[in-house]
Structures are given as structure tokens and as C-alpha cells.
> 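Before I ask anything, let me first share the structure, which is written out below as C-alpha cells.
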Amino acid sequence: MAHKKQNSKASSARPNPKAVERDEADKSKPAASTEPSKGPQKIGGHAQDSSADKARRASDAVLGDIIGMAKPIAIPDLPEDELELSVGEDRKRLLLQGVLLLLAVLALLFLTFWFGVVANASGNVWFLLALILSLTAAWFVSKRMGRFLGKFFMKTGVVDFGSKYVYIYEKSDPKEATVVTYKDVKFYKTVRQGNSIRLLLWGDWVKHPSGYLYVGITRPFMADTLGSLETQICETLARHHVKEKK
């Protein structure tokens, strides 16, 4: 946002006594603050961010409330919009599942090492095949572990609803969010299942063969918030004239 610069005029060479009195009176008055008032919280932003701003956002993400809900922040390279509703992840679930998957990866890597030692000593082809399978399983589990822990440490949410755009965070990096306008969302549907809400979105931008994009909101440690959250999601989409699929 460009700021207007104020140019000061040069004073006259000879001081005027009345002018001096006015200046002293003005100095005694409190100066008006030039800091802009804090308006509605925004999401998205431009890529022209200084390194200091990026470092500050990174430190805020790490040093913030680790267990608490993530607060939406400006994300470079995404369209800027005023935030109306932010749906965050259950961060306790992300941490717990991430740690469990990390232990699973370590166990699979140890198993892979053991299969390699036994296959080398015995020459049994089946142990070599088991080594390949365990190594493949470790790769897939590590990818899922990286998604959970990445979302946890980067404080990435599930979906944000702005005044113009919908931001869907399928990956841990918020810069890779899927951003669509409300008019591009033809229909929506919410399905409540236990400790989760399944948000289904239809539109021409959906690449999945089913025709809709599935957004999972799973909150085992925050199940008491699901009822009001589902109502808020439906009200936000209805306010932007998105029809519910029957």
C-alpha cells in the first residue's frame, strides 16, 4: 500500500514572535497519530515482501502458541482479500499423528535395514523383496508425516473464506493453496461424520474424477466446535450465493 509523503515548507528567515507563540502552543498539544487504524483481518498478499517481514512471519509461526489455533496471516503470491471465516486445523491432532507417523517411519527404516542384512547374509530373494516393500512403505508414510508436521509448524489451516475468494489448503505450504472465487463454486455440501465435517465443493476447476473437491475438517480434540463451525460455513457460502447440493 503506497503511503503519501508529506513535504514540509521552509520557514522564513526572520522569526515572527506571534508565529513562535503559535508554535509553542502547538507543541503543547498531543500530536495526532499517523499509524493507520487496524481494519478487518486480511489474507493473501503480494510477493514484494522484505526479508525482515518474511523472517518476522517465520518467527511468529514458530514462537506462537504451539498448541493453540493458528491465526491467519498474509500469504505472499496469493490474492489479497478480507477474511470472513477461517477454519483451522486441530493442532493437537496434527502433532499426535505426525509424531506417530515419525515413529512408524523409523520402525520401517529399521526393518528395511534388517531385511537388507538378512538378505545379504542368506541370499534369499524374499528378504530382498521385503526390503523393497518396507522401503516403499517408509517413503509413503514419510510423505504423509511431512504433510501433518508441515501443517503444524507452518500453522496452515484447512480453508479460509474471504469476501471474494475461497482459500483451500490441501498441502502444508500455504502458498500452494487452491484459490477460487465464490462464483466458481457451483454447489457445496457438508456431511457430519463423528469428529469431522466433510465439505464438498463442486465447480469446473475441480480436477478429481468425482466432480467435487473434498475438504476434510477433522477435530477429535475440538469436537465441541464442529456444530457451530458447520453453521458458520453454511451461512458464509449462502451469503455469497453458493447453492447447497441436495
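Since the model is a prediction, treat every value here as computed from it, not as a measurement.
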> Go through Val215 and Val158 one step at a time and tell me if the side-chain contact (heavy atoms from CB on, under 4.5 Å) criterion holds.
CA-CA 8 Å; Val215 181; Val158 181; 3.5 Å; yes
> Does one side chain, of Glu230 or Thr190, offer a donor that lies under 3.5 Å from an acceptor on the other?
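A pair is found: one side chain offers a donor N or O, the other an acceptor, under 3.5 Å apart.
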> At what distance, to the nearest 0.5 angstrom, does OG1 of Thr236 lie from CD of Glu84?
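Thr236 atom OG1 to Glu84 atom CD measures 6.0 Å (nearest 0.5 Å).
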> Do Thr218 and Asp90 have side chains that get closer than 4.5 Å, going by heavy atoms?
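Answer no - side chains too far apart.
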> State, to 0.1 Å, how close Leu78 and Ala177 come at their nearest heavy-atom pair, and which atoms those are.
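Shortest heavy-atom separation between Leu78 and Ala177 comes out as CD1-CB, 4.2 Å.
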> Locate the shortest heavy-atom distance separating Lys171 from Glu176; write the atom from each residue and the value.
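Closest approach of Lys171 to Glu176, heavy atoms only: CD-OE1, 2.8 Å.
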> Is there a donor-acceptor pair under 3.5 Å between the side chain of Trp205 and the backbone N or O of Asp184?
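Yes: the side chain of Trp205 pairs with the backbone of Asp184.
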> I'd like to check Phe113 versus Val117 (side-chain heavy atoms, cut-off strictly below 4.5 Å). Are they in contact?
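In short, these two side chains touch, coming nearer than 4.5 Å.
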> Ignoring hydrogens and geometry beyond distance, is a side-chain donor-acceptor pair present between Thr112 and Ser134 at under 3.5 Å?
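Yes - a donor-acceptor pair under 3.5 Å links their side chains.
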> In the structure I gave you, are the side-chain heavy atoms of Val180 and Val185 within less than 4.5 Å of one another anywhere?
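Yes - at least one pair of side-chain heavy atoms lies under 4.5 Å apart.
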> Under 3.5 Å, which donor-acceptor pairs do the side chains of residues 140-150 form with other protein atoms, sequence neighbours left out?
| from | atom 1 | to | atom 2 | distance (Å) |
| --- | --- | --- | --- | --- |
| Ser142 | OG | Ala138 | O | 3.1 |
| Ser142 | OG | Trp139 | O | 2.6 |
| Arg147 | NE | Glu170 | O | 3.2 |

> CZ of Phe161: more than 12 outside heavy atoms within 6.0 angstrom?
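Yes, the 6.0 Å shell around CZ holds more than 12 heavy atoms from other groups.
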> Check whether any side-chain heavy atom of Val242 sits under 4.5 Å from a side-chain heavy atom of Val166, and report yes or no.
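No, every pair of side-chain atoms sits at 4.5 Å or beyond.
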> Please lay out, stage by stage, how Tyr182 and His241 fare under the test side-chain contact (heavy atoms from CB on, under 4.5 Å).
CA-CA 8 Å; Tyr182 286 100; His241 311 290; over 6 Å; no
> For the atom pair CD1 (Ile217) and CE (Met222), what is the distance rounded to the nearest 0.5 Å?
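Atom-to-atom, Ile217:CD1 and Met222:CE are 11.0 Å apart.
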> In the single-linkage hydrophobic clustering (I, L, V, M, F, W, Y; side-chain heavy atoms under 4.5 Å), do Val118 and Leu135 co-cluster?
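Val118 and Leu135: separate clusters.
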> So, Asp160 and Tyr169: side-chain donor and acceptor under 3.5 Å apart, yes or no?
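Their side chains do contain a donor-acceptor pair, which is all the 3.5 Å distance test asks for.
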> To the nearest 0.5 angstrom, please state how far the CG atom of Leu111 sits from the CG atom of Leu131.
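Result: 9.0 Å between the selected atoms.
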> Would you sort out whether Leu96 and Phe221 count as a side-chain contact (heavy atoms from CB on, under 4.5 Å), showing the intermediate values?
CA-CA 11 Å; Leu96 180 60; Phe221 298 100; 4.0 Å; yes
> Donor-acceptor pair, distance only, cut-off 3.5 Å: does the side chain of Tyr167 make one with the backbone of Pro79?
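A pair under 3.5 Å: yes.
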> Which value, rounded to the nearest 0.5 Å, describes the distance between Glu235 atom CD and Leu237 atom CG?
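Going from CD on Glu235 over to CG on Leu237, the span is 10.5 Å.
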> Search all heavy atoms of Thr156 against all heavy atoms of Pro174 and return the closest pair with its distance.
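Looking at all heavy atoms of both residues, the closest pair is OG1-CD, 3.6 Å.
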> Say you draw a straight line from CD1 of Ile233 to CG of Leu199; how long is it, rounded to the nearest 0.5 Å?
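The distance works out to 5.5 Å.
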> Quick one: do Met154 and Asp173 satisfy side-chain contact (heavy atoms from CB on, under 4.5 Å)? Show the steps, please.
CA-CA 7 Å; Met154 298 185 73; Asp173 189 354; 3.8 Å; yes
> Other members of the hydrophobic cluster containing Tyr212, with the 4.5 Å side-chain heavy-atom rule, please.
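ILVMFWY cluster around Tyr212 also holds Phe187, Leu200, Trp202, Tyr214.
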> Taking all non-hydrogen atoms of both residues, which atom of Gly194 and which atom of Arg192 are closest, and how far apart?
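For Gly194 versus Arg192, the nearest heavy atoms are O-NE, 3.4 Å.
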> To the nearest 0.5 Å, tell me how far Leu108 CG sits from Leu103 CG.
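Going from CG on Leu108 over to CG on Leu103, the span is 11.0 Å.
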> Over all heavy atoms of both residues, which pair between Ser86 and Leu83 is shortest? Give the atoms and the distance, please.
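Minimum heavy-atom separation between Ser86 and Leu83: CB-CD2, 3.8 Å.
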> Should we count CH2 of Trp126 as having more than 12 external heavy atoms under 6.0 Å?
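Open: at most 12 neighbouring heavy atoms sit under 6.0 Å from CH2 of Trp126.
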> For Leu226 and Arg219, which heavy atoms make the closest approach, and how far apart are they?
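So the minimum-distance heavy-atom pair works out to CD2-CD, 3.9 Å.
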> Is Asp204 atom CG crowded by more than 12 heavy atoms from other residues, nucleotides or ligands, each under 6.0 Å away?
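Result for CG/Asp204: open.
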> Using side-chain hydrogen bond (donor to acceptor under 3.5 Å, both in side chains) as the criterion, list what pairs up with Ser163, not counting sequence neighbours.
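Ser163 satisfies side-chain hydrogen bond (donor to acceptor under 3.5 Å, both in side chains) with Asp81 once adjacent residues are dropped.
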